[in-house]
Amino acid sequence: PSLTASLKDRTTRLRIGGNTVLASSDNGIEVTGSDAAQIEGNSVLLSGNDGIHVEESQNIFVGGNLVVASGRDGVHIRRAGGAQIIDNTVLLSGRDGVHAVGSDGLYIAGNFIVSSGRDGLCLRSAHGSNVQKNTVALSGRDGVHVRDSPRLSMAGHTVTASGRDGVNLNNVAGVDLSGNNVTLSGRDGIHVANGRDLYISGNFVAFSGRDGIYLRRVGSVSVDSNQV
């Protein structure tokens with residue numbers, strides 16, 4: 001069916017699947033105060049605010065959705081620990097393609113994020129998260145932007161044609177940044193500021209507008225086997 005209003009859930013263990021949500025004035029799909037909800041296989045188009053918005057929830061699964069032309073973020077996760085964001089296609093977001101804040105223990109993998117107005121993938125205060133094999137292209141600012149988020153694994157991403165940095169890490173610790181392909185960045189391919197206990201290895205970084213790998217105010221960093 002085609003729906004012109006937001007889907008909102010405040011229950012537990014609900015599945016929202018197979019819907020077409022068109023031209024909502026607010027969020028296309030909103031889940032607040034829920035546990036173990038599944039949001040999968042939906043098409044969310046032309047939302048006024050976020051395409052999919054999850055807040056104050058736990059262990060939410062967001063997978064296999066098509067999210068196009070959201071006014072703000074394609075997928076927005078706020079205070080939703082343990083969320084899984086997997087295999088979504090997120091296109092033409094007004095702000096960030098996928099934005100997660102105040103949410104620990106996330107698993108974000110296999111997403112295709114293209115043409116975001118700001119950052120393709122943005123994490124803030126997302127401790128202990130695992131971010132793997134996402135494709136991020138044509139971001140207006142950074143392809144991947146991470147801030148205030150220790151103990152992250154970030155591997156296997158393809159990040160291309162970012163307006164600023166391909167991967168930007170700020171105020172991070174205990175991050176493994178390995179095996180990423182970062183090309184055609186407007187500024188730095190990989191930019192790290194205010195970090196410690198970092199492992200940067202096996203990355204391919206090419207055609208950066210400024211530096212391939214740029215480090216500032218960092219300590220205990222291993223940078224090896226990268227192609228720049």
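These numbers come from the heavy atoms of this one structure, side chains and all, not from hydrogens, waters or symmetry mates. Only a predicted model underlies this, so the values are computations on that prediction, with no experimental measurement involved.
Counting heavy atoms from C-beta on, the side chains of Leu66 and Asn42 never come closer than 4.5 Å.
Remark: Arg196 pairs with Ala173 by the side chain to side chain contact (heavy atoms under 4.5 Å, CB included) rule, at least two apart or across chains. Residues forming a ring pair (Phe, Tyr, Trp, His ring centres under 6.0 Å) with His145 (at least two apart in sequence, or on another chain): none. With sequence neighbours excluded, the residues forming a side chain to side chain donor-acceptor pair (under 3.5 Å) with Asp188 are His191, Arg210, listed by chain and number. Here Arg95 pairs with Asp73 under the salt bridge (charged side-chain N to carboxylate O under 4.0 Å, His left out) rule; sequence neighbours left out. Residues passing the side chain to side chain donor-acceptor pair (under 3.5 Å) test with Asn59: none are found, sequence neighbours excluded. Every residue meeting the side chain to side chain contact (heavy atoms under 4.5 Å, CB included) condition with Asn49, not counting sequence neighbours, appears here in chain and number order: Asp26, Asn27, Arg72. Here Arg124 pairs with nothing under the salt bridge (charged side-chain N to carboxylate O under 4.0 Å, His left out) rule; sequence neighbours left out. Residues satisfying the side chain to side chain donor-acceptor pair (under 3.5 Å) test with Arg118, not counting sequence neighbours, are none.
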Step-by-step side-chain contact (heavy atoms from CB on, under 4.5 Å) determination, Ile16 to Val31: CA-CA 10 Å; Ile16 301 173; Val31 171; 4.1 Å; yes
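The closest donor-acceptor contact from the side chain of Thr20 to the backbone of Ser43 lies at 3.5 Å or more, if one exists at all. The backbone N or O of His127 lies less than 3.5 Å from a partner atom in the side chain of Asp104, making a donor-acceptor pair.
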Identify every side-chain donor-acceptor pair in residues 82-94 under 3.5 Å, counting partners at least two apart or on other chains, and give the distances.
unit_1	atom_1	unit_2	atom_2	d
Asn88	OD1	Gly64	N	3.3
Asn88	OD1	Asn65	N	2.9
Asn88	OD1	Asn65	ND2	3.0
Asn88	ND2	Val62	O	3.0
Asn88	ND2	Ile86	O	3.3
Asn88	ND2	Asn111	OD1	3.1
Ser93	OG	Gly74	N	3.4

Compile the donor-acceptor pairs under 3.5 Å between side chains in residues 214-222 and protein atoms, sequence neighbours left out, one pair per line.
unit_1	atom_1	unit_2	atom_2	d
Arg217	NE	Asn194	OD1	2.8
Arg217	NH2	Asn194	OD1	3.3
Ser222	OG	Asp224	OD2	3.1

Could you tabulate the donor-acceptor pairs under 3.5 Å formed by side-chain atoms of residues 152-159, not counting sequence neighbours?
unit_1	atom_1	unit_2	atom_2	d
Ser153	OG	Gln132	NE2	2.9
His157	ND1	Asn134	N	3.1
His157	NE2	Val131	O	3.1

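To the nearest 0.5 angstrom, Arg147 atom CZ is 9.5 Å from Ser125 atom OG.
Cluster note: Leu184 groups with Phe207 through ILVMFWY side-chain heavy atoms spaced under 4.5 Å, whether in direct contact or through intervening members.
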